[in-house]
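Everything on this sheet refers to the single structure shown next.
Reminder, nothing fancy here: chain letters follow the sequence lines and each chain counts from 1.
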Number of protein chains: 2
Amino acid sequence: MEISIGELSKRTGVLATTVRYYEDVGLMPAPPRTAGGRRSYGQAHVARLAFIRHARQLGFEVDAIRELLALNARPELPCAEVDVIARRHLAEVDGRIERLTALRAELSRMVGECGHGRVGECRVIEVLSDHGECLGDRH
Amino acid sequence: MEISIGELSKRTGVLATTVRYYEDVGLMPAPPRTAGGRRSYGQAHVARLAFIRHARQLGFEVDAIRELLALNARPELPCAEVDVIARRHLAEVDGRIERLTALRAELSRMVGECGHGRVGECRVIEVLSDHGECLGDRH
DNA sequence: TTAATTCCTCCAGCGGCTGGAGGAGCAAGC
DNA sequence: GCTTGCTCCTCCAGCCGCTGGAGGAATTAA
């Protein structure tokens with residue numbers, strides 16, 4: 001099975017430019033080339049790229065993915081480290097949700113108080129002008 | 001009241017480098033300079049920068065803030081446009097929370113299924129390798 | 001053979017800053 | 001008046017994770 005970068009792109013849903021970028025940053029290995037100098041991929045590349053794509057979709061950073069790929073290549077190791085990376089990311093996502101939820105409450109209150117009059121009396125503008133108007137000071 | 005960029009930074013909590021950046025991108029006006037060529041700010045600058053900072057903390061994009069600032073300068077206009085910008089942003093935040101929450105569920109399931117054995121049998125790695133393992137296909 | 005398509009490399013740009021280099025201004029102490 | 005140390009100046013590069021364009025070479029289809 002010898003696949004062009006375009007075909008690899010089609011099978012994984014990752015843009016060809018992005019595949020080359022992954023090669024640059026060391027997520028994908030430099031594949032063999034055809035006589036004409038074009039990248040030629042095999043089944044292992046498809047699997048690896050699918051792994052990367054999925055991890056990215058789940059929000060893992062490139063550095064974390066590099067670690068996960070390294071661990072994936074050593075199936076005999078205990079998976080404690082995998083667990084650490086995933087839990088760290090989960091905590092990070094939790095934090096993001098929390099911050100966004102607090103922010104959403106503030107925004108929603110602001111919008112709800114807008115009396116649809118003139119800008120000069122608009123609560124949205126007032127709240128933005130004065131941080132003291134906010135419920136939470138976390139942001 | 002004549003204030004240096006450092007003092008402005010202290011009063012608003014915005015880094016001096018960031019203030020200069022805001023000037024570059026047109027959020028802050030170019031202030032008058034001292035004889036020695038240093039930026040000199042007044043009360044209006046402090047208020048404007050506080051407004052910008054607060055809007056950024058609430059997640060508004062720089063483009064949206066530019067619009068909000070322009071509207072703020074025209075208090076006689078109806079505030080419908082302010083409302084549109086704020087509601088648009090609220091919807092955007094809602095979308096982000098929704099996506100993150102779905103992602104969190106997937107991550108949490110993954111982590112929960114990890115049997116703390118070897119990498120070769122780790123569910124986290126398996127799920128990452130095979131998108132079919134996921135509950136939602138939204139990501 | 002020619003035309004269309006795909007691929008190549010290199011480089012720049014997105015957003016929203018942040019930091020460093022290398023230099024000049026300025027306030028306070030001696 | 002001079003030095004020391006701080007702040008400020010401009011310019012430029014880098015962060016993350018891509019994305020797209022220019023200009024050219026290779027491949028494929030008609």
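Per the geometry, CD belonging to B:Glu7 stands 15 Å off C1' belonging to C:dA27, to the nearest Å.
Contact annotation: A:Arg39 side-chain N/O to C:dC7 OP1/OP2 distance is not under 4.0 Å.
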Can you give the donor-acceptor pairs under 3.5 Å from side chains of residues 35-42 of chain A to other protein atoms, not counting sequence neighbours?
unit_1  : atom_1 : unit_2  : atom_2 : d
A:Arg39 : NE     : A:Glu23 : OE1    : 2.8
A:Ser40 : OG     : A:Glu2  : OE1    : 2.6

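For B:Tyr22, there are no ring pair (Phe, Tyr, Trp, His ring centres under 6.0 Å) partners at least two apart in sequence or on another chain. With sequence neighbours excluded, no residue forms a side-chain hydrogen bond (donor to acceptor under 3.5 Å, both in side chains) with A:Arg48. Judged as a side-chain contact (heavy atoms from CB on, under 4.5 Å), and not counting sequence neighbours, the contacts of B:Glu7 are B:Ile3, B:Ser4, B:Lys10, B:Arg11. Applying the side-chain contact (heavy atoms from CB on, under 4.5 Å) test to A:Phe51 and every residue at least two apart in sequence or in another chain returns A:Leu68, A:Leu69, A:Asn72, B:Ile125, B:Leu128, B:Ser129. Listed by chain and residue number, nothing satisfies the side-chain hydrogen bond (donor to acceptor under 3.5 Å, both in side chains) test with B:Arg99 (two or more places apart in sequence, or in another chain). A search for side-chain hydrogen bond (donor to acceptor under 3.5 Å, both in side chains) contacts involving A:Glu121 returns nothing, not counting sequence neighbours.
Around CD of B:Glu113, the count of heavy atoms belonging to other residues, nucleotides or ligands within 6.0 Å exceeds 12. Annotation for A:Glu61: atom CD does not count as buried by contact number, only 12 or fewer foreign heavy atoms lying within 6.0 Å.
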Enumerate all atom pairs, one protein N or O and one N or O from nucleotides 22-26 of chain C, separated by less than 3.5 Å.
unit_1 : atom_1 : unit_2  : atom_2 : d
C:dG25 : N3     : B:Arg38 : NH2    : 3.1

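B:Leu107 CG to A:Asp94 CG: the interatomic distance, rounded to the nearest 0.5 Å, is 9.0 Å.
With A:Arg56 contributing its side chain and A:Phe60 its backbone, the two residues share a donor-acceptor pair below 3.5 Å.
Taking 4.0 Å as the cut-off between side-chain N and carboxylate O, B:Arg74 and B:Glu76 count as a salt-bridged pair.
Applying the salt bridge (charged side-chain N to carboxylate O under 4.0 Å, His left out) test to pairs two or more places apart or on separate chains, those with a residue in residues 79-88 of chain A are A:Asp83-A:Arg87.
Here chain B contacts DNA chain D (any atom closer than 4.0 Å to a heavy atom, that is under 4.0 Å), and the contacts span D:dT7 to D:dT10 from 5' to 3'.
Contacts with DNA chain C (heavy atom under 4.0 Å) in residues 8-32 of chain A: A:Arg20, listed by number. Heavy-atom distances under 4.0 Å link DNA chain C to no residue of residues 85-96 of chain A.
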